[in-house]
There are 4 protein chains.
Amino acid sequence: MTSGTVQSDLLAVARREFVEHGYGGASIRSIAQKTGVSLSAMYYHYASKQELLAAMLNVGMDSFEQRVVDEFQAKDPTPTGRLLGYVASLVRFRTLEQEQSQLVQTETRNLEPASLSAYRERQRQSSEPLRQALADGVASGEFRTPFPEDSYRSILGMCNAIAHWYEPGGDLLVEEIVHRYQELALRVVYHRDVASPETDPGT
Amino acid sequence: MTSGTVQSDLLAVARREFVEHGYGGASIRSIAQKTGVSLSAMYYHYASKQELLAAMLNVGMDSFEQRVVDEFQAKDPTPTGRLLGYVASLVRFRTLEQEQSQLVQTETRNLEPASLSAYRERQRQSSEPLRQALADGVASGEFRTPFPEDSYRSILGMCNAIAHWYEPGGDLLVEEIVHRYQELALRVVYHRDVASPETDPGT
Amino acid sequence: MTSGTVQSDLLAVARREFVEHGYGGASIRSIAQKTGVSLSAMYYHYASKQELLAAMLNVGMDSFEQRVVDEFQAKDPTPTGRLLGYVASLVRFRTLEQEQSQLVQTETRNLEPASLSAYRERQRQSSEPLRQALADGVASGEFRTPFPEDSYRSILGMCNAIAHWYEPGGDLLVEEIVHRYQELALRVVYHRDVASPETDPGT
Amino acid sequence: MTSGTVQSDLLAVARREFVEHGYGGASIRSIAQKTGVSLSAMYYHYASKQELLAAMLNVGMDSFEQRVVDEFQAKDPTPTGRLLGYVASLVRFRTLEQEQSQLVQTETRNLEPASLSAYRERQRQSSEPLRQALADGVASGEFRTPFPEDSYRSILGMCNAIAHWYEPGGDLLVEEIVHRYQELALRVVYHRDVASPETDPGT
DNA sequence: CATGAATGAGATTTCATTCAT
DNA sequence: AATGAATGAAATCTCATTCAT
């Protein structure tokens, strides 16, 4: 029922339109048209513009969550390991799913209360691993940041920004970016082994 | 030029509406109404929604530029000093002019080509001091970051994010935030004196 | 394509409004209203005022072309015969489809370039039979006008003017007008048999 | 009071706008702007769009009347002479004052009743000389047209049309056009001396 | 004479959505 | 499962005009 290709095509086109014009500025009509589907057909699959938005945001969230889960299975369970894993997931999401990424950051405000609360909860849960890793690292002494909350926010902030400047065809490979932001993250949490910049913590 | 009261009132209301609903979702009608001005009176001052947006973004830019200039006059001219000064300007802008700040990040995409290019140029110029400070610091050996471009972007990214979580009435004072992000910035550029987290570089 | 009833009703009302107020002065709103159709229903059928105009002009052209074709089938193929036939078609069009007629003359200027060029070409083609008849008549010696181009334009000009003074309920029968303008046309082309005004060339 | 240059500039620009977009489609704002006059200044000179139109049409009428008067002073007072003179006046008006000419034909319908009746009276009067010449010519036997009214209308129609195709910079001299239409007019009235096309009635 | 500011109505067009088929 | 037609509200913007200064 939700496995057809029409839905995903619609979502893809809608994503593009929302990113380009914003939710308010995007037209349901041109989404249908660009997808090559009649307006009524589109309404058959998504009962409203709002539903389209909610579906899109949730698909994005699914995708990000999957990345985090993948990264955390059978990997280094130490706080540092989890921090690096989370950063890797996040960087890959911001680069490999750039549009999805921008959308999630910008259009959440347009969710109606009904969907919004559920979505906020998912957001909170998806950032929990990072929050937890930071707490654990501080507790264990691996991270010596004097303001963990700001370190946390800074890591999110700097990774999120990637979606705004990254260019898919550019000469900077995704994994190189992963590596760099992992290093920067270690510095932002005052990792005890990055006492001096000469030390390379490895990936 | 922007000293009239009708114009600035309109801008203030429009800012709020744009932040809340996005450019596309905001209604020129309700902007006029909430400002207490007739629709046509509004059009007398701003010939289009687009012009309103451009004016707003430029006012925001004026404001930020002023902060940077203020911070750079008769202050520590070393790369480190300039880095810290820039971060201070940016953090204050993101907190004290939060709406302006969010707008600048989100709605630039809605500028039409004509105004966009001019605006992009202003953006470039306004970030030049930070870029320059980083380059100089790397050259002088004060900053030891192995990827200056990413350090630069990370600083902007983490500071920009502040506008999204900062709450004006909260218990975190602006100057405390300034201080913290200055420290984090020093770590992100691999400042030579922050070899170990115990060392506090001071503000 | 133009067989629906809503479309043709809209065209009829629009025609009347355009003739009365001019394209620029006519209101799309009152066209819809007078047709008894909602504004949006109207937009479903004609996507813009411009499209409405183009459709109308083309319908007018269709109608005139049909008249010319009808007149030329199985009729006198001599230059004189064709001249008289064309004049008959034109006079009937100007009288029997007076509104259409006035519109075509006045509102072509409001066509946007896209539709304009196509329309001009149709105009050219529809006047080709007259032009050709004149050329042939001059070549054969039937017409002795020393300036064929001006004779051609004059015939069009004097026939076109009919739409401006003709009154449908008046005491002048259409076929009487046809007859008179055929005679006048013969004089305008210097027909060899109208050497003296006493000679009646017949219809 | 009516001798300033602002008024005539306004009229000239307005004429152009009216010809291009029609009365309803023309904007009083852009007329003022293109004239380089403030909107309020324009309202000082012409109290309404309607007044502007009336002024323009009357100026056009003045101009045409003057031409007719000039042509009739100390010229051949025979019906034929008057016919030729009138045609000359009309052709020169349609070519040398082309815009004026087109306007007069198209935009009269937009005059409000108040000005309209006066204007129609002027129109009637200005065509009186031609009507009279025709009547006299028919009475004297110089013109043998069997339907004087149609000859009259045809002459007007074919001369009026000139404004639509004449190109100021073209290779057809105005006086040559005058000559040709005079000849054609003679044929349209069945002038007794144009019994055969070989006969050139002269100018 | 002239201006800057404002008005209120109305312009055309597009919106998300619905419904009978 | 899908379509063509329609709706009514709202969108942005422009109109001719007025008025206090």
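Quantities reported herein were computed from a predicted structural model and do not represent experimental measurements. Just the heavy atoms: all of them, side chains too, but no hydrogens, waters or symmetry mates, feed the values below. Protein chains get the first letters and strands the later ones, always in sequence-line order, with residue 1 at the start of each.
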Task: Pairing partner (Watson-Crick or G-U wobble, both distances under 3.5 angstrom) of F:dT7 - done: E:dA16
Task: Whole-Å gap separating P (E:dA16) and CD (A:Gln33) - done: 13 Å
Task: Derivation and outcome, side chain to side chain contact (heavy atoms under 4.5 Å, CB included), residues A:Leu111 and A:Gln50 - done: CA-CA 7 Å; A:Leu111 273 181; A:Gln50 182 64 208; 3.6 Å; yes
Task: Any B:Tyr44 side-chain N or O less than 4.0 Å from OP1/OP2 of E:dA6 - done: no
Open item on the list: Which nucleotide wins on minimum distance to the side chain of B:Ser48, given the candidates F:dA2, F:dC13, E:dA2?
Closed with: F:dC13
Task: Protein-nucleotide distance (C:Gln7, atom CD; F:dG4, atom P), rounded to Å - done: 14 Å
Task: Pairwise 5' ranking along DNA chain E for A:Gly25 and B:Met42, keeping only the more 5' one - done: B:Met42
Task: Minimum-distance nucleotide to C:Leu39 side chain [options: E:dT13, F:dT17, F:dT12] - done: E:dT13
Open item on the list: In whole Å, I'd like the distance from the CG atom of A:Leu52 to the C1' atom of E:dT17.
Closed with: 14 Å
TODO: Please state how far atom OH in A:Tyr46 lies from atom P in E:dA16, giving the value in whole angstrom units.
DONE: 17 Å
Task: Proximal nucleotide (of E:dT3, F:dT17, F:dT7) relative to the D:Ala41 side chain - done: E:dT3
Task: C:Arg109/D:Glu20 salt bridge by N-O under 4.0 Å criterion - done: no
TODO: Indicate whether OP1 or OP2 belonging to F:dA6 is found under 4.0 Å from a side-chain N or O atom of C:Ser38.
DONE: no
Task: Pairing of C:Asp9 and C:Lys34 as salt bridge, 4.0 angstrom limit - done: no
TODO: Using only side-chain N and O atoms of B:His45, determine if any of them is under 4.0 Å from OP1 or OP2 of E:dA6.
DONE: yes
Open item on the list: By the 4.0 Å heavy-atom rule, please label C:Ala26 as base, sugar-phosphate, or nothing.
Closed with: sugar-phosphate
TODO: May I have the distance from D:Leu10 (atom CG) to E:dC1 (atom P), rounded to whole angstrom?
DONE: 14 Å
TODO: Report the base-pairing partner of E:dT21 (Watson-Crick or G-U wobble, both distances below 3.5 angstrom), or none.
DONE: F:dA2
Open item on the list: With a sphere of 6.0 Å drawn around CZ of A:Arg16, does it hold more than 12 non-hydrogen atoms of other residues, nucleotides or ligands?
Closed with: no
Task: Donor-acceptor pair, side chain of C:Ser126 and main chain of C:Gln123, under 3.5 angstrom - done: yes
Task: Rounded distance in Å - CD (A:Glu17) to P (E:dC15) - done: 10 Å
Open item on the list: Is it the case that the base of F:dG8 and the side chain of C:Ser40 share a donor-acceptor contact (distance under 3.5 Å, atom types as modelled)?
Closed with: yes
Open item on the list: Output the rounded distance in Å from CZ (D:Arg29) to C1' (F:dT17).
Closed with: 9 Å
Open item on the list: E:dT13, OP1 or OP2 - any side-chain N/O from C:Tyr43 closer than 4.0 Å?
Closed with: yes
- [ ] Mind calculating the distance between NZ (C:Lys49) and P (E:dT13) to the nearest angstrom?
- [x] 8 Å
